[in-house]
Amino acid sequence: MRYPAIPVRKTTVQAVEVFRGYNRSLKIKPGEFREMENLTSDCYPVLSPRGKRGVYRKPASPQGLIAKEALCYVDGADFFIGDVKIPMGLSVDPADCPKKLISMGAYVLILPDKMYCNTASPEDFGSMEARVTVSGVQATLCGGDGGPLTWVTQAPEAPENGVLWMDGERLKQYSSAQSAWIPVTDTRVKLAAPGIGTGFFPGDGVTVQGCAPLEGNRLILEVQEDAITLAGLISENFTQEEPLTVKREMPDMDYVTQAENRLWGCRYGAGPDGKPVNEIYASKLGDFRNWNCFQGLSTDSYRASCGSDGPFTGAVTHLGYPLFFREGCVHKVYGSEPASFRIQTTACRGVQAGCSRSLAVVGETLMYKSPAGVCSYDGSLPVEVSQALGTERYFGAAAGAIGDKYYISMADSAGEYSLFVYDRGKGLWHREDGLSCSDFCAWGGELFAIDRASRNILGLLGSGEPEEKVSWMAETGELGMDASRREYISRLNLRVSLERGAELECLIEYDGQGQWESLCRVFATQLRSLRIPLRLRRCDHMRLRLRGTGGARLYAITEVLEKGSDL
């Protein structure tokens, strides 16, 4: 007896074994995920959750981080070098937070407070500026050796060799060898008054106010507690009872960076006199306190006006060169001394306003948030690398780097923050969670960040008190949209491994209906390697969501396709 033959339903198998991370594009590749939380590229091509974070410190008001011999940070009015507290009396006005901490040698410079601290000798701290106002100042004209001078006010008919003559506002000395009066150029003025030398150092460029013969910028040559010696000339010695002010000032700057043993900064807006400025500054070589030393030397301070318009949006040192960004260009400073400094301006995608803290160097590549997206800059022209983040616009970015990874925390148009991680070596993006960070710092093989919500300093790679289990989620794009020859997905097979105590749930959404159905839930009582078959309803397309807690690894997703009718 013959029976009718039952046709075998033909199936096709497609396996995804390489998982490429986060992608918010309309159409994404197999192995990419449109939504995710707390996943990492550490186990690429296997998909896995990130490691545990740790709470490293719990300061009351953290305002900045920097790496020295220890992790240094500002907590309210105090500066911490590791566990050592330095009561510096810093400002705690929220408008000044967070602080900008800059390393220069053994010093940490704290802006906008204009304070410094020597991390090698923590007792050495104070203000980068100095200001003294005194009365009853005695001014004495001195020679190059510091001794007081005696001169005549009228030229003698038969002058002796070496006699000094004050010719109006010029001091001359008679030379019998040349039979001529020779101008004296190395004169000094000694100002003596109680406390006038407090806070000043030899070599300081200062401004003198309230004394007509010495008004303006001057160079301090010698300092004592009750006397300072300036380079200059006066026509007569005098005592002034009216108040006299000597001050060493640092310009108000929008952004500051350190390069080639100088502190560099930029300013766009109103200057100290209320007039508009658009300038780039550099401190004296090796001296972050002095910004007004212009003696024609290679160690001088530097100041230059910029022709391009618009506010500065960030500053950083890259490959040894100071860079100053606007949204539409970058200024790069070349040269080794003020006489050879040259500013090159390149029109390109600059740093987005409000994202100055997104500047971070990954390897030898500078990365930052531009108005168009996250850019990678190797010194020539920036290239956007954030196409995977989709069309959403982000703001208020802060970032840090460790190894080959770039961590960036930024807010979307709704004000919701996300912490994204870009693995530059693999070219992959992953989203961790909604962590909002104000500052990052890499130190000791760890990346630290200040959490805006809890105000804790977190070790993103696990340093400190570890969190409990990590909850994670991965959501695919639409599956089945590219099916050809009337095929549909009849089954999904997952190959996963779970650590002890880990949990995994698989959910499915059919035809974009917005309702998620749980297909299975697995709890591991020990380390397990599983094959999970997911039987599906027939539909046009679907989305798969995997979520869980604890350690897990996804090795493969296999689609089983069956042939169907045109309907």
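FYI, the numbering just counts along the sequence from 1.
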For Tyr22, which of Trp429, Phe33, Phe420 qualifies under ring-ring contact (aromatic ring centres under 6.0 Å, His included)? Phe420
Can you give me the closest heavy-atom contact between Leu428 and Arg20, atom names plus distance? CD2-O, 2.9 Å
Passes side chain to side chain contact (heavy atoms under 4.5 Å, CB included), Leu90 versus Met115? Steps please. CA-CA 8 Å; Leu90 301 171; Met115 300 283 285; 3.8 Å; yes
Could you walk me through whether Asp252 and Lys114 pass the salt bridge (charged side-chain N to carboxylate O under 4.0 Å, His left out) check? CA-CA 9 Å; Asp252 292 329; Lys114 301 179 182 180; 2.7 Å; yes
Side chain to side chain contact (heavy atoms under 4.5 Å, CB included) between Val374 and Tyr406, worked out: CA-CA 10 Å; Val374 178; Tyr406 176 71; 3.8 Å; yes
I'd like to know if the side chain of His318 reaches the main chain of Ala360, judged simply by a donor and an acceptor atom lying under 3.5 Å from each other, with no hydrogens or angles considered. no
Short N-O contact, Asp412 and Arg393, less than 4.0 angstrom: no
Side-chain donor-acceptor pair present, Ser529, Arg495, cut-off under 3.5 Å: yes
Nearest heavy atoms of Gly76 and Val92, plus distance in Å: C-CG1, 3.5 Å
Side-chain donor/acceptor of Glu446 to backbone N/O of Leu461, under 3.5 Å: yes
Are Ser418 and Arg431 close enough that a side-chain donor and a side-chain acceptor fall under 3.5 Å? yes
Looking at Gln344, I want to see if its CD is surrounded by more than 12 non-hydrogen atoms of other residues, nucleotides or ligands under 6.0 Å. yes
Check whether Thr119 reaches the backbone of Ala106 with its side chain - one donor and one acceptor, N or O, closer than 3.5 Å. yes
Is the shortest distance from a Lys or Arg side-chain nitrogen in Arg545 or Glu475 to a carboxylate oxygen in the other one below 4.0 Å? yes
State, without any angle test, whether Arg452 and Ser436 hold a side-chain donor-acceptor pair at a distance under 3.5 Å. yes
Can Glu432 and Arg53 be counted as an ion pair, charged N to O under 4.0 angstrom? yes
Would you call Thr558 and Val13 a side-chain contact if the rule is heavy atoms closer than 4.5 Å? yes
With a 4.5 Å cut-off on side-chain heavy atoms, are Leu111 and Met250 touching? yes
Output, in order, the C-alpha distance, side-chain angles, deciding distance and verdict of side chain to side chain contact (heavy atoms under 4.5 Å, CB included) for Tyr417 and Leu435. CA-CA 6 Å; Tyr417 275 86; Leu435 185 66; over 6 Å; no
Interatomic spacing from CD1 in Ile280 to CD1 in Ile343 - rounded to 0.5 Å: 4.0 Å
Please check if the side chain of Lys469 supplies one atom and the backbone of Gly501 the other of a donor-acceptor pair under 3.5 Å. yes
Taking atom CG of Leu498 and atom CD1 of Ile532, what is their separation to the nearest 0.5 Å? 6.5 Å
Residue pair Glu327 / Thr313, side-chain donor-acceptor N/O under 3.5 Å: no
After noting the C-alpha distance and the side-chain angles of Arg326 and Ser308, does the key distance pass the side-chain hydrogen bond (donor to acceptor under 3.5 Å, both in side chains) rule? CA-CA 9 Å; Arg326 305 179 197 265; Ser308 57; 3.0 Å; yes
So does Gly54 get a backbone contact from the side chain of Glu467, meaning a donor-acceptor N/O pair under 3.5 Å? no
What I'd like to find out is whether the side chain of Phe440 reaches to under 4.5 Å of the side chain of Leu65, using heavy atoms alone. no
Using atom types as modelled and distance alone, determine if a side-chain donor or acceptor of Glu468 lies under 3.5 Å from a backbone N or O of Lys52. no
Give me the atom names and distance for the closest heavy-atom approach of Lys100 to Val256. CE-O, 3.9 Å
Please name the pair of heavy atoms, one in Asp433 and one in Arg50, separated by the smallest distance, quoted to 0.1 Å. OD2-NH2, 3.9 Å
Classify the ring geometry of Tyr107 against Tyr116: parallel below 30°, tilted from 30° to 60°, perpendicular beyond 60°. perpendicular
Please round to the nearest 0.5 Å and tell me the distance separating atom CG of Leu109 and atom OG of Ser103. 8.0 Å
Met253 vs Pro251 side-chain heavy atoms within contact, under 4.5 Å: yes
So which heavy atom on Cys117 is nearest to which on Ile81, and how close? SG-CD1, 4.2 Å
If I compare all heavy atoms of Pro382 with all of Cys375, which pair ends up nearest, and what's the gap? CB-CB, 4.1 Å
Would you mind reporting whether Tyr377 and Val383 have side-chain heavy atoms less than 4.5 Å apart? no
Tell me whether the count of non-hydrogen atoms from other residues, nucleotides or ligands lying under 6.0 Å of CD in Glu123 goes above 12. yes
With distance as the sole criterion, is a donor-acceptor pair present between the side chains of His331 and Thr345 under 3.5 Å? yes
I'd like a table of donor-acceptor pairs (distance under 3.5 Å, sequence neighbours excluded) in which one partner is a side-chain atom from residues 546-553, with atom names and distances.
{"from": "Arg547", "atom 1": "NE", "to": "Glu505", "atom 2": "OE1", "distance (Å)": "3.0"}
{"from": "Arg547", "atom 1": "NH2", "to": "Glu505", "atom 2": "OE1", "distance (Å)": "3.1"}

Are Asp511 and Arg543 ion-paired here, with the side-chain N under 4.0 Å from a carboxylate O? no
Looking just at side-chain N and O atoms, do Ser121 and Asp124 make a donor-acceptor pair shorter than 3.5 Å? no
Taking side chain as C-beta onward, heavy atoms only, is Phe325 less than 4.5 Å from Tyr255? no
Using modelled atom types only, decide if a donor and an acceptor are shared between the side chain of Ser370 and the backbone of Gly373 within a distance under 3.5 Å. yes
Chi angles and distances behind the side chain to side chain contact (heavy atoms under 4.5 Å, CB included) call for Met410, Phe395: CA-CA 6 Å; Met410 50 189 176; Phe395 308 89; over 6 Å; no
Determine whether a donor-acceptor pair (N or O, by modelled atom type, separation under 3.5 Å) exists between the side chain of Ser356 and the backbone of Gly314. no
dist Cys437:SG -> Phe448:CZ (nearest 0.5 Å) comes out at 13.0 Å
Taking atom types as modelled, is there a side-chain donor on Gln258 or Thr317 under 3.5 Å from an acceptor on the other? no
Please enumerate all residues that pass side-chain hydrogen bond (donor to acceptor under 3.5 Å, both in side chains) together with Gln387, with sequence neighbours excluded. none
Would you find a donor on one side and an acceptor on the other, under 3.5 Å apart, between the side chain of Ser283 and the backbone of Leu263? yes
Is there side-chain contact between Tyr334 and Lys332, with at least one heavy-atom pair below 4.5 Å? yes
Quick one: do Glu562 and Arg538 make a salt bridge, cutoff under 4.0 Å? no
Spatial distance of atom CG (Leu359) from atom CE (Met367) [nearest 0.5 Å]: 11.0 Å
Distance, nearest 0.5 Å, that separates OH of Tyr268 from SG of Cys306: 11.0 Å
Examine distances only and state if a side-chain atom of Asp423 and a backbone atom of Lys426 form a donor-acceptor pair shorter than 3.5 Å. yes
State plainly whether the residues Asp113 and Lys99 are in salt-bridge range, i.e. N to O under 4.0 Å. yes
Side-chain touch Leu519/Leu536, heavy atoms, less than 4.5 angstrom: yes
